[in-house]
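Worksheet for the structure shown next.
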Amino acid sequence: MNVCKICNSDNIKTLYRINSITVLKCKTCGFIFQKISSKKWNRKKIKSIYNCYTKRLEYTYLKYRQEYEKISQKKLHIIKRYKKNGKLLDIGCGWGYFLNLARKNGFKVEGIDISKYAVNYARKHFNIKIKNSSILETSYKKETFDVVTSWDFIEHIDNPQKFISIVFKILKENGIFCLETPNVNGLLFKLAHIIYFLSFDKIDFAIKELFYPLHLIYFSTKTIKNLLNTGGFTIKKLYKKSSNLNIIFSEDSDKKYTHSKLIKNIIKILSLFSDMIGMGNKLVVYAIKDRKELNLKNQKSMFKKKYNEILNLYKKQSLQIKLYFGIRSIGFSCLSLIEKYIPKQGKIVDLGCGYGFVDNLFYQLSPGRKIYAYDLIENRLTIGKLIDKEKKIKFIKANILNFKQAKCDAIFMIDVFCYLNNDKKSNLLKKCYNSLNSTGILIINDFSTKPKIKYLLLVVQEFLINNIRFFLGEKMWEKIYKQKLFILNEKKLADLAKKNNFSLVTKIDCSNILHPHVLYIFKKN
């Protein structure tokens, strides 16, 4: 089975079949990679090719040395914006020209490359410490380097996640990682695809030049950001450029281009144009290792995973429930913020829990929470209990205006407060005050009337939801809340809370595309 090398999805489609390789695309995240389907291009064969750097290639590097150094100097200029000096490792360092220039710019340098010939050349001519090995098979100590560079290397490996984890491990905190790789959304790639598609797969020379066995994976801006962000890196600079065609089209190049002079000139013109419009065929990325960012992204990833798992459980209950949550989940953008403020341990109260979606989610994220979920409508609670297979949440049938609860650590209400008039709001706040312990917090997720267009969309959604509730048999809903919204602005809500001995800690605008949501956090005076 073909599985995406970034998101592990098996939702894969075939883009191209070219001689002995098949180019695949993940339909989930958009990542493009290839499958070697011939013994001619097995991994052992590819490794042997990298070991066969020859005198001819050495001559090419010497011939175009000034151009290489000009490109390298530009890269170093950007690196020095973030790191003036320090220890630098160049992965796939080749002949060592970049390392030699980096050393001249104040860095203490090391390299690693799989080609024995290139490594020996660099050691002999530049006296640089270089390992003749693969980065995937070599161990460096944790947090050894201030800078790690990888120019035109990552596309040659078939395990990008492992590679990024190694780079993250060996970089110091706030170290910089720099890489260059083909841009699969570059203009030349796009035109090659169009020609291939319009010719019904018959004209494939352009595709063959861009997708060949030595490049195992291909990135777009989206997929390289996805890989780096999930790997704990924050991208500081990303730009697109074209390859140096003087080198690529030279007779000494490691990749022979046998096309006519006319074709080569057309490619040069297209490359120049692609740079002008920001669609160069190379991505150059500078990213900072950020452990805090990694932890945050891991938390977001876990939240998203649990959210989708529980949402799918609810959608399996019935067509009506699926329809309800299809509409209702649009307004769930605030949940990650609410979960952040709720204690990971202790007694938590949810007033107006509905079907218990939020309670099941919050418990799964932190099983140390003892959650009490109140709602008046029995069939909602029944479904909540059904999802709570571990029976750890206490679902209680009661009108939230009359709830009784021993001292707890937090109380939250999501899209409930807006259905109560001011007198009922005040009475409920008094009950919350009496139920919270001295350090307890009150969280109210409410709506706003601004901007007007979002408020109107909200009214439409609530109309649809309430009618679905009626369809589900919740006929008492109309009697309880009258389907009327009583929305207070920040000042009026803060004043009302103050009268009931609460003070506003913070207000967060957590509106999504459609809804004007506001999150209020209160503490006891």
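Starting from 1, each residue takes its place in the sequence as its number.
- Put simply, the side chain of Thr181 does not reach to within 4.5 Å of the side chain of Lys282, judged on heavy atoms.
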**Request:** Would you please test Glu180 and Lys241 for salt bridge (charged side-chain N to carboxylate O under 4.0 Å, His left out) and show each step?
**Result:** CA-CA 10 Å; Glu180 179 178 327; Lys241 71 178 188 69; 3.4 Å; yes
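- For the pair Met302 and Leu365, the minimum side-chain heavy-atom distance is below 4.5 Å.
- Leu283 places none of its side-chain heavy atoms less than 4.5 Å from the side chain of Asn185.
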**Request:** Under the ring-ring contact (aromatic ring centres under 6.0 Å, His included) rule, what do Phe33 and Tyr218 come out as? Steps first, then yes or no, please.
**Result:** CA-CA 6 Å; Phe33 57 101; Tyr218 293 83; over 10 Å; no
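- Once rounded to the nearest 0.5 Å, the distance linking CG of Asp409 with NZ of Lys347 reads 8.5 Å.
- In plain terms, the two heavy atoms of Ile79 and Cys178 that are nearest each other are CG1-SG, 3.6 Å.
- Residues Ile130 and Ala122 share a closest heavy-atom pair of CD1-CB, 3.2 Å.
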**Step-by-step side chain to side chain contact (heavy atoms under 4.5 Å, CB included) determination, Thr138 to Ile112** = CA-CA 9 Å; Thr138 305; Ile112 182 170; 3.7 Å; yes
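- Atom CZ of Arg17 is surrounded by 12 or fewer heavy atoms from other residues, nucleotides or ligands within 6.0 Å.
- Going from atom OH of Tyr520 over to atom CD1 of Ile508 covers 11.5 Å, rounded to the nearest 0.5 Å.
- For Lys172, the NZ atom sits in a packed shell: over 12 heavy atoms of surrounding residues, nucleotides or ligands are nearer than 6.0 Å.
- Remark: the backbone N or O of Ile6 is paired with a side-chain donor or acceptor of Gln161 at under 3.5 angstrom.
- Within the 4.5 Å cutoff, side-chain heavy atoms of Asn226 are placed close to those of Cys29.
- If you run side-chain contact (heavy atoms from CB on, under 4.5 Å) between Leu179 and each of Val284, Thr149, Ile224, only Ile224 comes through.
- His77 contributes no side-chain N or O that, together with a main-chain N or O of Gln73, makes up a donor-acceptor pair within less than 3.5 Å.
- In this structure, Asn183 contributes its side chain and Gly280 its backbone to a donor-acceptor pair below 3.5 Å.
- Under a cut-off of 6.0 angstrom, the local environment of NZ in Lys370 is sparse, with at most 12 non-hydrogen atoms contributed by other residues, nucleotides or ligands.
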**Message:** Could you go through Asn105 and Leu101, starting from their C-alpha distance and side-chain angles, then the distance that decides it, and tell me whether this counts as side chain to side chain contact (heavy atoms under 4.5 Å, CB included)?
**Reply:** CA-CA 6 Å; Asn105 278 263; Leu101 195 61; 4.0 Å; yes
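- Leu228 contributes atom CG, which lies 9.5 Å from atom OG1 of Thr234 (distance to the nearest 0.5 angstrom).
- Relative to the six-membered ring of Tyr286, Lys236 misses at least one condition, a distance below 6.0 Å or an angle of at most 45° to the axis.
- What you find for His156 and Asp152 is that their closest heavy atoms are CD2-O, 3.3 Å.
- In this structure, the separation between OH on Tyr239 and NZ on Lys237 is 7.0 Å, given to the nearest 0.5 Å.
- Side-chain contact between Phe357 and Leu311 is present, with heavy atoms from C-beta onward closer than 4.5 Å.
- The number of heavy atoms from other shown groups lying within 6.0 Å of CG (Asn308) is above 12.
- Salt-bridge check for Glu339 with Lys344: passed, with a basic side-chain N closer than 4.0 Å to an acidic carboxylate O.
- The shortest heavy-atom contact between Val109 and Ala102 is CG1-CB, 3.9 Å.
- The backbone N or O of Ile342 lies less than 3.5 Å from a partner atom in the side chain of Arg369, making a donor-acceptor pair.
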**Asked** When you look at Leu88 and Asp146, which way does the side chain to side chain contact (heavy atoms under 4.5 Å, CB included) test go after all the steps?
**Response** CA-CA 6 Å; Leu88 182 150; Asp146 299 281; over 6 Å; no
**Item:** Full working for ring-ring contact (aromatic ring centres under 6.0 Å, His included) between His193 and Phe189
**Value:** CA-CA 6 Å; His193 175 76; Phe189 280 88; over 10 Å; no
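- The backbone N or O of Glu69 sits nowhere less than 3.5 Å from a side-chain atom of Ser72 that would complete a donor-acceptor pair.
- Using bins of under 30°, 30° to 60° and over 60° for the plane-to-plane angle, the ring pair Tyr97/Phe126 lands in the perpendicular bin.
- When all heavy atoms of Leu227 and Pro160 are compared, the closest pair comes out as CD2-CB, 4.0 Å.
- With a 4.5 Å cut-off on side-chain heavy atoms, Ile32 and Leu24 do not count as touching.
- Put simply, the side chain of Ser199 gets close to the backbone of Tyr196: a donor and an acceptor are under 3.5 Å apart.
- The number of heavy-atom neighbours closer than 6.0 Å to CZ of Phe273, taken from other residues, nucleotides and ligands shown, is 12 or below.
- The distance from atom NZ of Lys225 to atom OG of Ser220, rounded to the nearest 0.5 Å, is 9.5 Å.
- Of all heavy-atom pairs between Ser274 and Leu187, the closest is CB-CB, 3.6 Å.
- Asp388 places a side-chain N or O within donor-acceptor distance of the main-chain N or O of Lys392, the cut-off being under 3.5 Å.
- Between Tyr314 and Asn360, the side chains place a donor N or O and an acceptor N or O closer than 3.5 Å (distance only, hydrogens not considered).
- With salt bridges taken as basic N to acidic carboxylate O contacts below 4.0 Å, one links Lys289 and Glu143.
- The shortest side-chain heavy-atom distance between Ile157 and Leu216 does not fall under the 4.5 Å cut-off.
- Between the side chain of Thr144 and the backbone N or O of Tyr140, no donor-acceptor pair lies under 3.5 Å.
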**Request:** Apply side chain to side chain contact (heavy atoms under 4.5 Å, CB included) to the pair Thr506 and Tyr341, showing each step before the final yes or no.
**Result:** CA-CA 11 Å; Thr506 187; Tyr341 282 97; 3.9 Å; yes
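- Distance check, rounded to the nearest 0.5 Å: CZ of Phe31 to CD1 of Ile12 gives 10.0 Å.
- Listed for the Asn132 side chain is a donor-acceptor partner under 3.5 Å among the backbone atoms of Asp113.
- A 4.5 Å side-chain heavy-atom check between Phe107 and Val147 finds at least one atom pair inside the cut-off.
- For Asp290 (side chain) and Phe233 (main-chain N/O), no donor-acceptor pair under 3.5 Å exists by modelled atom type.
- In this structure, Tyr82 has its ring center no closer than 6.0 Å to that of Phe177.
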